[in-house]
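Read through the structure below, which is laid out as structure tokens, and then see the notes.
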Amino acid sequence: MNVDHLAGVASRRQWLVGAAAVAGLGAMGFTQAHASDAVRRPKLTLAGPFALVSYPLMRIVDSGALSDVADQVEFTTWKSPDQLRAMAIGQSADFIAVPSNVGANLYNRGVPLKLLDISTWALLWMVSRDKGLRTLADFRGREVVMPFRGDMPDILFQLLAEKQGIKVGTDIKLRYVASPIDAMQLLITRRADHALLAEPAVSMGLRKSQSFPVKVIAPDLYRSVDLQQEWGRVFQRAPRIPQAGVAALKSVHTDAKLLARFEQEHAKALLWCQAHPEECGQMAARHVSMLTPEGVADALAATRSTMTLVSAAQARPDLEFFYQQLLDRQPGLVGGKLPAGDYYG
Amino acid sequence: MTLLRRWLAGIPGYLWSGWGAVASLFLMVALWEELAAVYGPLVLPAPLDAAHTLLGWARRGGELWPTLEITGRRAFLGLGLAVGAGSLLGVVAGVSMTASMMARPWGTVLLGTPPIAWLVLAMLWFGTGDGTPVFTVFIACFPIVFVGGMQGARTLERHWRDLATVFELPWYMRVLDVYLPHVISYLFPAWIVALGSSWKVVVMAELLASDTGVGAQLATTRAQLDMAGTLAWIAAIVLVLLALEYLLLEPIKREIERWREGGGAAVEGGGR
Amino acid sequence: MGPPWKEAGDERATPASGEPALARLGPREVLQDVSLQLQAGNTLALVGPSGSGKSTLLHLCGGLLAVRDGEVENGFARTAMLFQQPSLLPWKTVIDNIALGLKARGVAKAGRMARARSMALAVGLDELALAQFPSQLSGGMQSRAALARALVLEPDLLLLDEPFSALDIGLREQMHRLLLAEQERRQLAVLMITTI
């Protein structure tokens, strides 16, 4: 990414955030948000995975931003699809950060929820020992390590490869492993040369391989092809994929005032994280022991231009395009069909 | 051969007598339906949904049969190795007193170790191919068969050996008419237990370490929150196991039980 | 008439070493200074309190135990034995059990089945019983089958280890009568253990 692009995107981002806030509020029928109008609740639970999308939520909890609408606000993580499902069905979470396809999947399976926004527009990068690889085509004849067989990154990779005329399986070989940690292991121990990973695993892995004692045995690893750029190139669209956002669950999704208030704070928290990557890193590491402050800070730096808050209604065209691509290849990922209108909050 | 003839002849009557078992199964399904109505489709889909999904896979010629074939192949390979090695080694160990004493703790340790511990090792050695599930099944089933064989060889009672001596049975008659049937009467129940075990273990191994097979499909449906799909795969496995046990093994078991327990009241025939 | 057989001299009968199944190790004197003679066509009864070694002596005579000291000479052409339990092979039908000894001798299937059937009828087992498994028969019928199994071999010496002790008086008398009839027919020598 060149600097001009960054600057242009930065100002565009600010416009987008502002527009989203206004548009979101407008869509909910309010021109001003009155803090005192929202009904006070005893407790609000925000849930999310280890990924970037959760950091603004952690910030909201730490800064006490929603203390005017709830006595107690807490953050909790979900680590597996079973946990996620349990939270979605039960009453244990109010706002939940999810990958965008998972949100659609839950909605299509009958979970009452509303997608509020998409905050993460870039997640996937190749990590490689070779410095000079620019596009997926450069990976011809090589083997790529892929965690989570059949999941969204796998499908996206195959989709982008095939749209460029690359045959997966013959031109590029895929080697499936159980988790990103296993993939990183293979890279570090030189048993593999290339892998597809998502942030913050990319940044954390790169950091680890450059730090002592791992760097003694590890080869030089580089952040390689940006899958978002590939997406933009292949589909002639903006280089961004609606990856993850926050959804409101049963207990809150009809409370329009609360949702508006939440979006306000969400936007602020996101801006804070981007402006203070080191502190954000430390905060995230406090909440989740597996994360390292430096790794998180790097991840935030890498996604500076692509972590922007866009309301679900505004993101709908991008979302539907994305969902359709997934539907064509692996319909189970989004629950078999495009979600109906009232999914988009 | 008489056994085979009797088995074939007994099938119609046996199937007819299965009404009781079938009725019981339907009761289970009815209970499932009740719970599904209470909990909703996200926690427990209705049996009809699962059945619909399953039939869909079967009809399209899509995933069901190739997947079952892969899983079945692995299960039977592992089971076959376990049955072969376990029976042979078990009998050999049972014949020798020293070997018996030495082998007993091994049997206990192997039986007590959960297969999942072996799975981790297997993944390191065999990767994600066929090797991991086959190895895990072998390790899980081998001790069952081994202990059965050992017991069979060790308990050959004195008076049958005396019988063989007194009636001057040649060696092949000793083996075929006395030792073999006795040992098999201990091994056969062990084989049945091993069969059930093999299916459970193979699905578990595939769930965690494989890209293909029923277990891998279970992992996918779970990740995609597809409850109906998950239950459909489970139902597929259970149905296969039921079919194997009740169509194939139960008649053989009953035939063997006939001479073991004296099936029914003692008969006081004529001639007094 | 076969030559008499005897065992003479100081004899100690112990479980032979090398029998791994027996737990008794070390010499436990069961018999000492025993000798007997039995001639063809005669009946010899071993009577005594339990634990006096009758069964051991019988097993020695049947060649099931090795003699420590002394000798056992068995000049009879064919010996058969009946144990305290019928010891029929549970996985074979009754008729197959009866024909067992004949099969060991190599008699063809048709022949041995016919002989087994006629002997079974002689001891009072009907066709239905013959087709069943031993566990489906009563104790009395199992004993009869065991007797048939021994007699069908047309032995010259029959060793009996209290085989009819579990039967009621009437049945026991029936068995004894069968034996007597057989003896009359063929000069059968009988060595038997009995408690009365």
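Every chain is numbered from 1 and lettered A, B, ... according to where its sequence line falls, protein lines coming before strand lines. Note: hydrogens, waters and symmetry copies are ignored here, and every other heavy atom, side chains too, is used.
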Structural part of C:Leu88 lying under 4.5 Å from a heavy atom of chain B:
backbone

NZ/B:Lys200: more than 12 non-hydrogen atoms of other groups inside 6.0 Å:
no

Taking side chain as everything from C-beta outward and backbone as N, CA, C, O, which of these in C:Lys103 sits under 4.5 Å from a heavy atom of chain B? Side chain, backbone, both or neither.
both

Heavy atoms only: give me the nearest B:Val166-C:Phe83 pair and the separation to one decimal.
CG2-CZ, 3.9 Å

Between C:Leu121 and chain B, with a heavy-atom cut-off of 4.5 Å, which part of the residue counts as in contact: side chain, backbone, both or neither?
neither

In short, C:Ala104 meets B:Phe167 closest at the heavy-atom pair CB-O, 3.7 Å

Portion of C:Gln84 that has a non-hydrogen atom of chain B nearer than 4.5 angstrom
neither

Does any N or O in the side chain of C:Trp91 come within less than 3.5 Å of the main-chain N or O of B:Asp177, such that one atom is a donor and the other an acceptor?
yes

Evaluate the side chain to side chain contact (heavy atoms under 4.5 Å, CB included) criterion for residues B:Leu163 and C:Arg149: first the C-alpha distance (whole Å), next the side-chain angles of each, then the deciding distance (0.1 Å), finally the verdict.
CA-CA 11 Å; B:Leu163 193 76; C:Arg149 177 177 64 182; 3.3 Å; yes

Shorter than 4.5 Å, heavy atoms on both sides: which option in C:Ala80, C:Pro90, C:Gly106, C:Gly101 has the most such pairs with chain B?
C:Pro90

B:Arg104 atom CZ, over 12 foreign heavy atoms within 6.0 Å
no

Euclidean distance, B:Asp162 CG relative to C:Leu64 CG, rounded to 0.5 Å:
4.5 Å

Greatest number of non-hydrogen atom pairs under 4.5 angstrom with chain B, of C:Thr93, C:Leu100, C:Thr79, falls to C:Leu100

